[in-house]
Each structure stands twice: as structure tokens, then as C-alpha cells.
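Structure, as C-alpha cells:
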Amino acid sequence: MISAVVLVVLLGALAYFRAPVLAWTVGLAAWLAALQFVFHCPLPPAAWAVFAVVAAVLNLPPLRRAVFTGPVFGVFKKITPAMSQTEQEAINAGTVWWDRDLFSGKPDWNRLLSFPDPKLTPEEQAFIDGPTEQLCAMIDDWKITHELKDLPPEVWQFIKDNGFLGMIVKKRYGGLEFSNYAHAKVVTKIATRGGTAAVSVMVPNSLGPGELLQHYGTEEQKDYYLPRLAKGLEIPCFALTSPYAGSDAGSIPDYGIVCRGSYTHPRTGERFENVLGLRVSWEKRWITLAPVATILGLAFKMYDPEHLLGDKEDLGITCALVPTEHEGVAIGRRHFPGGAAFMNGPTWGKDVFIPLDWIIGGREFAGQGWRMLVECLSVGRCISLPAMSVASGKMSTFVTGAYARIRDQFGLPIGKFEGVDEAMARIGGYTYQMEASQDLALTGLDTGEKPSVLSAILKYHNTERMRKAINDAMDIHGGKAVVLGPRNYLARAYQAIPIGITVEGANILTRSMIIYGQGAIRCHPFVLREMKAAMANDGKEFDAAITGHINFVISNVVRSLWLGLSGARFAGAPRGGEVGAYYRRLTRFSSAFALLSDMAMFSLGGSLKFREKLSARLGDMLSGLYIASACLKRFERDGAPKEDLAVLQWSVENALYDVQQAMDGFLANLPSRMLAAVLRKLIFPWGLTLKPASDRVGTQVARAMMEPGSTRERLTRGMYLPKEEGDAVGVLAHALEAVLATEPLEQKLRKLARDGKFVAVTARERLAEALAAGLLTQAEFDAVSRARKLKRDVIMVDDFDKMLEQHDDKLLQRLIF
């Protein structure tokens, strides 16, 4: 019995700590020797011979390949699904970073905490405090969205003159050369004031001509266009999406045929004859800034049927730069997406001749467009839409926290009703999660990473949390948020929610195909190595990968069971207390996720990519692990303030609960029911034990949002805060301060009324009566009067002349037609 216990402990330790094959061999040999000489259970020579043979096969690579991994390699090559070129380029795009640790089943928490905290340089901070603050002060979102349907000319000019369109352009070309972190914070601040301005600024700095030029452009292209982009002399757009190819961008029908032709340069007027170039035809839709663009980035499929460039006819997707004044280029019409006023519209052209040197990167980058796009996409998707989502969360937190404390019903601030505070906790918690997740990814970007998997997580989960936060804010504000007008600071963001959900990869697609579809191959320690070995027919590399993979699976089986049985109480954590428990639970679920991932690939093989519901749940697991770990990193970065413990608890506990529920849903729907039953016993030996954050924690979050303090300040830091009482957002801070300051006086007045001290009936008359009777001083009377006025300003909504709607319809018709 003792020897059996020793064996179980030995095997468990070897598996838990992922010992190499040699360590397994030595450990088992030691146990067999102890069995014979210590426990006096002699083994027959045949047993030792079998052990020696197995040990030799496992430890000698040539013998192992001949006996075991070689035959497995043959089967693997047959069953591995072929990848298209676009799939290969998408998988190879970007880098893996902290997501690889989460996929490993054994995250290195000290590594997470050692990542540098993102910081603004003095120059970047000055830009945010100066031009960005000034730009926000110039923005009247109601005028922009309702009256002008565009940014005012002076705002456009300010954006151009102050370098907002060249934040990513290097200084040697006249740009600001900001960090990704600074870029995101500029967008966030502007977006808290107005979405139209934020989109107009972020698009030229995101996936488009500027970024593609810096990475792939010829020196001539860089020298000409980048200074002009930096100074706002060029307004760029990038035309990728067509009516027939949205999420499936790789199937765009737009094409360019290599040929010889003639053209007049639109900028110089110079005529060129018999030039080798392309005759391009395209129809694009939903292209931001297209109606006002001066330079068109254009993606199309390139063909060379006459072999003017070489033997290959289908060259693939190509990206070119085309001045919009070039003959045959059509722009100018616009869409109105979701009621937003940023410029967005179609562009089209038929048989438009362009020279080869208009291809981004020149002739040698012909056919390289898809690789260029997917390599750059990971950067843009970490910044623009996630930053807009963070801005929406901050705005919702600021205005809802204040409104819920100022507005009262039934004698209580509405935020103190549990139904309201439940929704408020979601707003605050989601805001914390969104900013923490983006800031961690921005750290990766600014240290040279291009985390493509994390960019997909951010794109999906930040925009979904934005949707939920704004919906909750709308519900809490009620009629205040329903009536459009200058006082309504939520409705335009609410109307624009579908834009963020749809663009840069629709959220349904991102969740069900991209997050795990890329993550399973890119982040897994062995799968990509195995696939590359199969494609290269490299048996030696496959042997090393598959051996490590088997050890990885065995380890995760043992780790998942032990961590589940023990509640991860003995797992390592860099911190103690409740925060330390979160690290340990994340370690447990990381091991379980790694095991489920391998079992999904093992049981479903190549069909897993068509099992989108299962793939989505696996993606939810990885996402939840990332979000929770990002929140822990943020808490440490902020100095682990006790005041923020409740919002950290809400954020991490709900993220972990989401991971548990995704695992439960995955196991409930895994086709192999026997495998699912075994996995459930391994991962959840005591059942589903995690719960979402408690009501008590949620109430603490809601109360922190309603009271001026450090937690509320950290949740809303970086947003634009107008100081004027006449501003719909600015008045909230003044009203909150005044209402809190006069609350004892209001309580005193209510008590006097209950005691029958007043003759007057209305609140205004009773206030005057209290002053006349000496029950209030003049200063107290003035303070209560001011607080009530500010409170009314907060609660009131706009009303208009009944003919305004007809006027707006005529204006809209003029803009469109």
C-alpha cells in the first residue's frame, strides 16, 4: 500500500511539474528499485527488460521516431486539414505574448507583474492636456450630429493643424510619433466628448494608408505622403469592404488587370504614355472618410493574364494608393451609420488605369496585400474601437454615478435602490475590465509585440461591454436619455453601438471563429509546431513537438484534477489574501482550459473550426482568463488601493464565473459524451463552485460611483470633463457636489415639514418660509436654492419648435442628394 501511495505521489509530481521524459524515466527507475530493495517486492528480469526497452524508445529520438512518432506523423499529415494562403497569413500575422502564458495552463504571474506599466511621455501628456483638451472644448456633439451632420470647418482645421491625423507618423516625416498607449488615450478623451470627432481622428491613425506606408511603402512613397498626412494636407481612407465581401474580406470581387496604358498624373498634370500598370475596377461601401478623402487606399485582387510580370496569373490581394482626384475615381456620396455624423460612404471606379508604382511598397509587394493587412490589423484593433469602448464606459460611469445620486424618487436617490445599483455595478465593473484589458495589450504593443489574438479579444469583449454599459446607463436615466437634444449625453452613443459591434470583423464572427481560431494555433505551445512540421515534412521537428505535446496533456490532466480537488489552495500566487486567491483560481482554470482545448482538437480534429459554438466557448474561456489577469495587473499598477477592492472583486469574480460557465456549456455540448463526462469529473470534481460577485460587492461598486472619491476618479480618469455649469455633462459635477453638501439641510427641511412647522405647501415656498422664520441662514438658503436649481438642470430634457422636424428632413435631403 505504501509503495502504491509513493508511486501515485511520484507520478502526480512528475506530471504536475511537467518533468521531461528523462526525469520520468529516472523517477520510475528509482521507484522500481525501491520496490525491489526497500519494499522487498522483487521484480522478475523480464519486467526490468520491458522497462529498459520502453525507456530506450522514449529517450532515444531516432528509436522513438522509428517506433512511435513516425507512424503517428504519417497519420497526422493525412488528417490535418489544408490551410488556404489567407488562413496561413492570418495565423502567421502578429505575435503571441501573455495570451501564450494563459494557453500554457501554467501562467507565470511574476512575468505578468513585471510587464512595464504604460506611461505617457511629457510630450504626450502635454498634447492630451493641451490640444486634445482644446479640441474637446470645441466639440458641440448635438450641433454636429443634428444640425451640421459633420464636424464644423474650424474643428476640421484644428485637427489638421495640430497633428491629430499624424499621431502614428514618425517625427522625421513631421508626425507626432506617439506611443500606442498615448494614441489610445487621445482617442479615449475625444470620444468622451463626441464620437464623430473621435472616429475622424482615429481612422487615419488606425489601419490605413499611414500605417501601411510606414511598414511597407517605398522611400519615395513615404517621403511624399507621410509629411502630407502628418500635416493634414491629405485625408486618407482605406477601401477594403465591398457589398459582397464584408467579414470575408479575402473574397473581395474588386480586381486589377496588369496591362499597359496611359494616364495623366492628377497632382502634376504630367502625361505618361505606354506605362506598365493596372486597370482597376472596384465598388466599395462603408468606407470611413471616403466622402472627404484626398488619398484612397485601395485593396483589390490582382491578375496578370498576359504574364507581363511573370509566370503567375493570380497574384492575390494588392493594396494601392490612388489620389481621389485621379480620373475615374468616384467618391463624394455618404452613408449615415447609426445616426453618427462622421464621414463614411462609398467609392467606386471602372477600368481606372494606375501605374505599378502606386502599389504600396511598389511592384515587389504586388499580391502581398492580405499579409500586409492582417499584420497591421492587430495593432489597430487593439487601439481604436477598444478606446472608443473605454470612453463609453467612462462616460457612462461618470454621468450615471452622478445622476443616480442627484435624481431621487420616493425620497431616496435612485442609485440606492437595489435594482438600480445592480445595473450601476455592471457599468463600473465593465469599465474597469475594458480599460484594464486594453492597457495590458497596449503594454505589449509598446514593447514591440503585435498580439493578434488579444486584439480580437479586445475588439469583441470591449465593444460588447460598451453595449451593455450604455444600455444600463440608458435604463437608469430613463426619460432623461430618451429625448434627443443638447442635454442628452447618452443617446448618440446608444444609437452608434451597432457600428462598433459590426466593423473591423463583426462580433459574431470574431467570437465564433477568430479568437479561438487564431488562438488555438498561435498560442498553443505545440500545435503550430506540429502543423509546420507536417507542411515541411519534417519528422524530427514533429517528434520533438508531439513528445512535448503528450507530456503537456498528461500534465494538464493531473493539474486540472488536483487544482479542482484542492480548490487551487496550494497553487502559487504572487500576492496573499483574497487577491492571491484570484491568481490561484486563474491558474486552475488555465490548466483546465488547456486540457479542454487539447481534448476538443483531439476529439473533433479539423472539424472543430466548423463547430463555431464550441469554438466560441473556448474563445470565451481564453478571453475571461485574459480579462481577469488584466484586472489584477491594473490593480497592482494603481498601487493596490483598498478603495478599489470592490470593483476588482466584481471584475475578477464575474470574469472567472464567465470562464466556468463557458466550460460548463462546452462540456454540455461536446459530441463525445463519454469524454465530456470524464473531463467534467476532472475539472469540476465538486461541481460548479464559483458564483458571480455578490450583491454586497455590487452595492459597494455602485456607492463608489455615486460618491466623489478616488475610485470614481480612477474609473473616469482620462475623460474630458467640462467645467461649465451650462454644459450637460459639466453640470453633473457641480450638481453632485451641491446636492451632497446640502443633504443635511434638505433632511432638516423634511423633518420640519413632518413636524408641521410650515404653512406653505410647495418646496419653494417652504424654503422661503424657513428663511423668514430664521430656521435657515441666508447662506443655507442660497446653498439649497443653488443645489435645487442645478438638480433641475440635470433632470430636465429639451423641447423644440414643432416645425423643427420638417426643417431637419429638408436639411438631410440636401446633404444626401
Side-chain angles (χ1 to χ4, degrees), residues 1-39 41-73 75-76 100-101 103-108 524-527 529-530 533 539-566 568 570-572 587-588 590-599 601-602 678-679 681-683:
M1 177 63 71
I2 296 176
S3 63
V5 171
V6 171
L7 178 62
V8 170
V9 172
L10 173 65
L11 294 178
L14 289 168
Y16 187 87
F17 294 105
R18 294 185 182 164
V21 175
L22 182 60
W24 281 83
T25 305
V26 172
L28 288 172
W31 180 80
L32 290 173
L35 192 66
Q36 182 154 348
F37 299 111
V38 177
F39 298 108
C41 297
L43 296 176
W48 283 103
V50 170
F51 176 77
V53 171
V54 173
V57 169
L58 292 178
N59 285 278
L60 299 175
L63 187 58
R64 187 172 62 224
R65 290 198 297 271
V67 174
F68 173 58
T69 60
V72 173
F73 188 38
V75 175
F76 185 85
R100 184 183 181 92
D101 271 66
F103 225 108
S104 73
K106 195 178 178 182
D108 184 348
H524 194 286
F526 301 103
V527 168
R529 287 179 61 189
E530 291 163 351
K540 185 176 181 180
E541 170 62 14
F542 181 81
D543 170 77
I546 195 67
T547 303
H549 197 161
I550 293 170
N551 189 21
F552 180 74
V553 172
I554 294 171
S555 172
N556 285 319
V557 169
V558 173
R559 289 175 60 83
S560 295
L561 178 59
W562 169 244
L563 292 168
L565 286 169
S566 65
F570 308 105
T587 297
R588 173 193 171 188
S590 176
S591 291
F593 166 68
L595 177 61
L596 290 176
S597 183
D598 273 316
M599 292 302 99
M601 289 185 279
F602 169 76
V678 172
L679 290 171
K681 290 297 182 183
L682 285 171
I683 294 170

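We number each residue from 1, following the sequence as shown.
- Inter-residue side-chain proximity for Lys106 and Ser591 is flagged as unmet; no heavy-atom pair is nearer than 4.5 Å.
- A search for salt bridge (Lys or Arg N to Asp or Glu O under 4.0 Å) contacts involving Asp598 returns nothing, not counting sequence neighbours.
- Ser597 places no side-chain N or O within donor-acceptor distance of the main-chain N or O of Phe593, the cut-off being under 3.5 Å.
- Remark: Val678 engages Leu682 in a side-chain contact (heavy atoms from CB on, under 4.5 Å) (not counting sequence neighbours).
- Taken from CG in Leu679 to OG in Ser560, the straight-line distance is 8.5 Å, to the nearest 0.5 Å.
- The line from CG of Leu563 to CD1 of Ile683 is 11.0 Å long, rounded to the nearest 0.5 Å.
- Sorted by first and then second residue, the salt bridge (Lys or Arg N to Asp or Glu O under 4.0 Å) pairs with a member in residues 53-66 read Arg64-Asp543; sequence neighbours excluded.
- Smallest separation of non-hydrogen atoms from Thr547 and Val21: CG2-CG2, 3.9 Å.
- Classified by interplanar angle (parallel below 30°, tilted 30° to 60°, perpendicular above 60°), the ring pair Phe542/Phe76 is tilted.
- The shortest distance between side-chain heavy atoms of Leu58 and Trp24 does not fall below 4.5 Å.
- Taking CG of Asp108 as the start and OG1 of Thr587 as the end, the distance is 10.0 Å to the nearest 0.5 Å.
- Atom CZ of residue Arg588 and atom CG of residue Leu565 lie 9.0 Å apart, to the nearest 0.5 angstrom.
- Closest approach of Asn556 to Gly105, counting heavy atoms only: OD1-CA, 4.1 Å.
- In this structure, the separation between CD1 on Ile550 and OG on Ser555 is 13.5 Å, given to the nearest 0.5 Å.
- Residue pairs satisfying the salt bridge (Lys or Arg N to Asp or Glu O under 4.0 Å) criterion with at least one member in residues 551-566, sequence neighbours excluded, are absent.
- The structure places CD1 of Ile546 at 8.5 Å from OG1 of Thr69, a figure rounded to the nearest 0.5 Å.
- By the 30° and 60° cut-offs, the orientation of the rings of His524 relative to His549 is tilted.
- Of all non-hydrogen atoms in Ser104 and Asp101, the two that sit nearest each other are OG-O, 2.5 Å.
- A pairwise comparison of heavy atoms in Phe103 and Ala594 identifies O-CB, 3.6 Å as the closest pair.
- Identified under the salt bridge (Lys or Arg N to Asp or Glu O under 4.0 Å) test for residues 7-24, with sequence neighbours left out: none.
- Residues passing the side-chain hydrogen bond (donor to acceptor under 3.5 Å, both in side chains) test with Ser590: none are found, sequence neighbours excluded.
- Shown here for Ala23 and Leu14, the closest heavy-atom pair between the two residues is O-CD2, 4.0 Å.
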